[in-house]
*Asks:* 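One structure follows; several queries about it will come next.
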2 protein chains.
Amino acid sequence: MVDESLDLLTLLADPARRRIVGLLAAEQLCTCHLVEELGMKQPVVSHHLRALREAGVVEGSPCGRFTYYRLRPGALDRAAAALVGLATATHSEPPRRPC
Amino acid sequence: MVDESLDLLTLLADPARRRIVGLLAAEQLCTCHLVEELGMKQPVVSHHLRALREAGVVEGSPCGRFTYYRLRPGALDRAAAALVGLATATHSEPPRRPC
DNA sequence: GCGACTCATCGACCACGGCTGATGTCACCT
DNA sequence: AGGTGACATCAGCCGTGGTCGATGAGTCGC
């Protein structure tokens, strides 16, 4: 239940990908923008975008020579809800199983 | 802003650690419980618990020979809030920066 | 005190994943 | 058509991080 919804967190473990989704949350960008914003080489950015794309987190719209990327609506909803569920669980005192 | 609150996600990237926090969300457990629940060797469990402990996600209460672990209240709040912020951002259509 | 048990730590091995460089494809422009 | 720029993919290197085995510290029962 929790595990499957949170396997996206494996993707967001990498700081570079977190920065990518953070930037895409504010505005749609194409690869060249991300390359200069992140200060990383183009193949690296493309590699991360591929991972995010295959996970359904982002989607790319080819526009001439450029490819604009944006976050896919609702892609993070289940993961966010699962994490909120865990966070609220920390506020209650769970029972202690005897050894 | 987003990046720092979500660096906990690096910890939760590992499925073993996700299972640990999932189990601890339901009840407080000592290491021997986690060892048999997860089917992993004891040093492995102890290693993950150390990582979670140093990140402030869990805390251990020594009780005789045993050490009971539980989630630290509010430890995941910032990460959950940041992820919810990103998830809601996916529902709005962001502007497209021209190339 | 002595043995049995729980748990933490250390060192070494190894696989996974990110980075790099080179190459290929496609669209646009002259 | 030829050149340029944007983007994707591939093969390879290499560092990080998880796993394993052995060991050490602390506790309970005899």
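As a basis for the values below, the full set of heavy atoms in this structure was taken, side chains included, without hydrogen atoms, waters or symmetry mates. Here the structure is a predicted model, which is why all the values come from computation and not from measurement. Proteins come first, then strands; the chains are lettered A, B, ... in the order of their sequence lines, and each starts at number 1.
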*Asks:* Rounded off to whole Å, could you give me the NE2-to-P distance for the A:His48 and C:dG17 pair?
*Replies:* 13 Å

*Asks:* With respect to the side chain of B:Arg17, which nucleotide from D:dG18, D:dC7, C:dT9 is positioned closest?
*Replies:* D:dG18

*Asks:* Hey, is the side chain of B:Gln42 pairing donor to acceptor with the base of C:dA8 inside 3.5 Å?
*Replies:* yes

*Asks:* In whole angstrom, give the distance that lies between atom CZ of A:Arg65 and atom P of C:dC29.
*Replies:*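 The answer, rounded to whole Å, is 7 Å.
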
*Asks:* Is the distance from OP1 or OP2 of D:dT19 to the nearest side-chain N or O of B:Lys41 less than 4.0 Å?
*Replies:*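 Result: no.
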
*Asks:* On DNA chain D, nearest-nucleotide positions of B:Cys99 versus B:Pro43: which is more 5'?
*Replies:* B:Cys99

*Asks:* Name the closest nucleotide to the B:Tyr69 side chain, picking from C:dC7, D:dC7, C:dA8.
*Replies:*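 Output: C:dA8.
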
*Asks:* Rounded to the nearest angstrom, tell me the gap between atom CG in B:Leu49 and atom P in D:dT19.
*Replies:*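 Rounded to whole Å, this separation is 12 Å.
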
*Asks:* Quick one: on DNA chain C, does A:Thr10 or A:Gly64 contact a more 5' nucleotide (nearest heavy atom)?
*Replies:* A:Thr10

*Asks:* Rounded off to whole Å, could you give me the NE2-to-C1' distance for the A:His47 and C:dC16 pair?
*Replies:*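 After rounding, the gap between these two atoms is 11 Å.
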
*Asks:* Can you measure A:Leu12 atom CG to C:dG18 atom P for me and round it to whole angstrom units?
*Replies:*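 Going from CG in A:Leu12 over to P in C:dG18 covers 12 Å.
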
*Asks:* When you measure from the side-chain N and O atoms of B:Arg50 to the phosphate of C:dT9, is any distance below 4.0 Å, counting only OP1 and OP2?
*Replies:*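 Answer yes for this pair, as a side-chain N or O of B:Arg50 is under 4.0 Å from OP1 or OP2.
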
*Asks:* Could you give the CG-to-C1' distance, from B:Asp14 to D:dG18, as a whole number of Å?
*Replies:*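 Rounded to whole Å, this separation is 7 Å.
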
*Asks:* Got a sec: does the CZ of B:Arg72 have more than 12 other heavy atoms crowding it under 6.0 Å?
*Replies:*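 For B:Arg72, atom CZ is not crowded (no more than 12 foreign heavy atoms under 6.0 Å).
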
*Asks:* With a 4.5 Å limit on heavy-atom distance, are the side chains of B:Cys30 and B:Cys63 in contact?
*Replies:* no

*Asks:* Between A:Gln28 and A:Arg70, is the side-chain hydrogen bond (donor to acceptor under 3.5 Å, both in side chains) condition met? List the steps.
*Replies:* CA-CA 5 Å; A:Gln28 298 182 46; A:Arg70 64 170 184 178; 5.1 Å; no

*Asks:* Where each residue is assigned the nucleotide of DNA chain C containing its nearest heavy atom, which of A:Met40 and B:Arg53 is assigned the position nearer the 5′ end?
*Replies:*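 Mapping each residue to its closest nucleotide by heavy atoms, the 5'-most match is B:Arg53.
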
*Asks:* Looking at A:Arg19 and A:Glu37, does any basic side-chain N land under 4.0 Å from a carboxylate oxygen?
*Replies:* no

*Asks:* Just the rounded figure in Å: distance from C1' of C:dC7 to CD1 of B:Ile20.
*Replies:*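 One finds 14 Å between C1' of C:dC7 and CD1 of B:Ile20, rounded.
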
*Asks:* Please report the distance, rounded to the nearest Å, between CD in A:Glu59 and P in D:dA8.
*Replies:*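 Checked: the CD to P distance equals 14 Å.
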
*Asks:* Does some side-chain heavy atom of B:Leu9 sit less than 4.5 Å from a side-chain heavy atom of A:Leu83?
*Replies:*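 A side-chain contact under 4.5 Å exists here.
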
*Asks:* Regarding A:Ser46, tell me which of base, sugar-phosphate or nothing describes its non-hydrogen contacts under 4.0 Å with the strands shown.
*Replies:* base

*Asks:* Taking only side-chain N and O atoms of B:Thr31, does any of them lie within less than 4.0 angstrom of OP1 or OP2 on C:dA8?
*Replies:* yes

